Amino acid sequence: MNGVTPSEETYTGNEISHFILDEIRKDLGPGGPMEGRKVHTRFPPEPNGFLHIGHAKAIVIDFGTAEILGGLCNLRMDDTNPVKEDERFVRAIKEDIHWLGYDWEDRFYHASDFFEDMYLYAEELIGKDLAFVCEQTPAEVREYRGSLTSPGKESPWRTRPREESLDLFRRMRAGEFPDGRYTLRAKIDMASGNMNMRDPVIYRIQHETHHQTGDAWCIYPMYDFAHPIEDAMEGVTHSLCSLEFEDHRPLFDWVVSNLSLPSRPRQIEFARLDINYTVMSKRKLKALVDEKLVDGWDDPRLPTLSGLRRRGYTPRAIRDFCERNGVSKVNSMVDIRFLEHCLREDLNDRAPRAMAVLDPVRLTITNYPEDREEAFTVENLPGQPDHGTHDITFSRHLLIEREDFMEDPPAKYHRLYPGNHVRLRGAYIIRCTGCVKDEEGRITEVLAEYDPETRGGSAREGQKVRGTIHWLDEKTALPATVRLFDHLFTVEAPDSDERDYHELLNPDSITVIEDAFVEPWLKEDPSYIGYQFMRLGYFIHDSQETTEDRLVFNRSVKLKDSYKPE
RNA sequence: UGGGGUGUAGCCAAGCGGUAAGGCACGGGACUUUGACUCCCGCAUUCGCAGGUUCAAAUCCUGCCAUCCCAGCCA
C-alpha cells in the first residue's frame, strides 16, 4: 500500500542549470578558488518538526547538486538547541528523505558530533582576542545592540583580558554558573549596519539534557558560530541555504576566516518554496497538529512530506515539481495547480485504471435478463497490455454516478437522458429509456436498454457515441469509504493574511463519503501508487484507516475536466 | 536616518549588448471506449518606472519606485 516503500526513482540526468550550479562550477573549475575539488553539500534540518515540501526543494537542491556534479551530500541534524529538538523528528526526517529517493550513505552527522571541536575553536577565538565573556543581561544586550538605523554601544565587558575570558569560559563549561549568567560573544563591530555583526552571542549557558549528548554540556553554541564549523568539519564545499541567511553570510565568512578550520565552505542562498492555499511555516503546521485541526503531521491535507505521501503523491512527482520550479532568489508563490499537474503527469503513465461510484444511483438494463451475468476483461492500463488485465462483472442492475443522468439536460450534455445513447465503459452501449422516482420526486432508478451487438463497448459501424460513463455491477461492487480533499485554506496566502489563520481554514477541506463503491479487484490487488478511478481522479488506499474489511481511499488529485455546463 | 536582497505574462522561469525560451493556468480546435491522455493553434511590440550610453539595451550607466529579510542568549 502507500506505506514507505524504498523509492524506485533513479535520477535521469536532465540537464539542469541554475545560478547555484553556475557558481559552483566556477569555484571548482580551472582558476576557481576550489579548483580540483569535488562538490560537497549537506542538508541540515533542525530536528524540531516534520519535513514539508519546502524542505523537499532544499533537499532536491542539496542532494541534486551533488548528484549532478558528481559529488557528495551529507545529512546533518542541526541540533544546537536542546530545548527544541527531539529524536522522534530525526527518525521522521530520515524516512522522508529516503522516500524522496536520496541517500547519504555513511555520512549522517549531528551538529552535536562537533561540540568538542566548537568549544576548542571558541577558545581559539578568545586567544586571538576575537571573543569575550560578557555578563550583560538579555535586556542590556538588546539595549546595547542599537537599532536598525542607529549603531550599538560596546559592552563594558568587551575589554576584559583574554585570560579572564578564557578562565570564565572554561568555568561556564564546567557548570559553575546558572543559565544566562554569562555568554561568549564574538568581538566584531557594534556599529555595523548588519545587526548580525554587532558582537553576536556565540555560546550560551543552558543546563538542558541534549537528545544526543545527554548532560555532557551545559553550554551550547549558537547557529552562526556552529554552522560554518560543522560545514568545515564535514568537508562541505558549498553551504546552500535560504535567503533569510543572506545577511548572516558576513558572519559565516568571519568565522571561517578567523579560525584554523580544515576547509573553507562557501555559503550560497536561494529562495524558499512557497505554495498557495497552504501554510509552510513549521510554527503553523505544528499549531494545526497540536490543536487537532488536522489528523496529525501526516494528514493528507498538509504539505508535509508524510502528508503528501499519505495523500498519494509520489516521490517522482515531488522531485519533478521542485526541479521544474527552478532555483532563483525571487520570493515566489507557486500555484498549487502546478504541483497537481506534476502528480497527474506521473500517475497518468502508470496508475492502474479502475471504476468507482461515489454517489450511486441504480441503473437497470431492462432488456437484460435478471438471471444473467457476464464478465469483461479490461486492461489495467489501456493500450499497455504489459500492465495486465482484470475482470469486471456485468448484470441487469448496475450502479452509476447520480450526476451521469439528467431528465432534462442542457445542450452538450453527453451522458444519460431519455433517448440518448451512452457507452458503459468496457461493457455495452445503452439507450436511456427513462427513470423511476419516489413520492418526493427523487430519482431512484435510471432505465436503459443495451445493444448486444456492442459487447466490450465498441460501437456499431458508423455509430458515434459521445458519452462514456463508468459503472459498477450492483452484485459485486464493494462498499468503500472515499475521502475527497480541497484546499486547507480559503485564501491564497494564509501566511501573510492579517486575519487569524483559524478564520481562514476551509471548512470543506475534507469530504468523507461512506457509501461509495469500488471494483472488488481493488481489495485483491493494492497498488502502492494507487489507481485512477476513471473520470474521478487518482486515489490511494489510506495507510492509516484502511482495514481488513473496510477499504478507505484518499483522492490524491482530480482529473482535469473541461466540461462546462452551459 | 541603517544593512542585505529581489523586480521579465495570472503563476513559476530562461535570458548575461544583436532584436523576449519553456512550463503551469487560460481560450479555441482535432482525436478519443476516461468531457482524461495526446496533438495542433492562440496567449508580453515588451522586460518595475524615468532618463542616458550605443547602429542596436530586458541585458551597460544614473536616478526613482515597489517589495522581501534583519534589532532571539532560535535555526
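In what follows, chains are A, B, ... by sequence order, proteins preceding strands, each numbered from 1. Note that the structure is predicted; figures quoted are calculated from it, not measured. Only this structure's heavy atoms are used, side chains among them; waters, hydrogens and symmetry mates stay out.
Scored by the side-chain contact (heavy atoms from CB on, under 4.5 Å) test, V201(A) finds T183(A), R185(A), M222(A) as partners (sequence neighbours excluded). By the ring-ring contact (aromatic ring centres under 6.0 Å, His included) test, Y277(A) pairs with H487(A), sequence neighbours left out.
Of the C1' atoms belonging to U8(B) and U19(B), the separation is 16 Å, rounded to the nearest Å. A distance of about 8 Å separates the C1' atoms of U53(B) and C60(B), rounded to the whole Å. As rounded to the nearest Å, A36(B) and A25(B) have P atoms that lie 13 Å from one another.
Counting non-hydrogen atoms under 4.0 angstrom, R324(A) reaches the backbone sugars and phosphates but no base. When heavy atoms are screened at a 4.0 angstrom cut-off, D335(A) is found touching the sugar-phosphate backbone but no base atom. Nucleic acid contact for R145(A): sugar-phosphate only, since backbone atoms but no base atoms lie under 4.0 Å from a heavy atom of the residue. Within the 4.0 angstrom heavy-atom criterion, only backbone atoms of the sugar-phosphate kind lie near K560(A); the bases stay farther away. In this structure, M355(A) reaches neither bases nor backbone, as no heavy-atom distance under 4.0 Å exists between it and the strands shown. Residue contacts shown for H227(A) are absent, as no nucleic acid heavy atom lies under 4.0 Å away.
Both cation-pi conditions hold for K94(A) and F108(A): the charged atom is under 6.0 angstrom from the six-membered ring centre and inside a 45 degree cone around its axis.
Mapping heavy-atom proximity under 4.0 Å, the span of RNA chain B touched by chain A runs 5' to 3' from U1(B) to A75(B).
Under the side chain to side chain contact (heavy atoms under 4.5 Å, CB included) test applied with E492(A), the options T278(A), N276(A), D335(A) reduce to a single match, N276(A).
Under the 4.0 Å criterion applied to side-chain N and carboxylate O atoms, K26(A) and E23(A) are assigned as salt-bridge partners.
A distance of 9.0 Å separates CZ in R555(A) from CG in D486(A), rounded to the nearest 0.5 Å.
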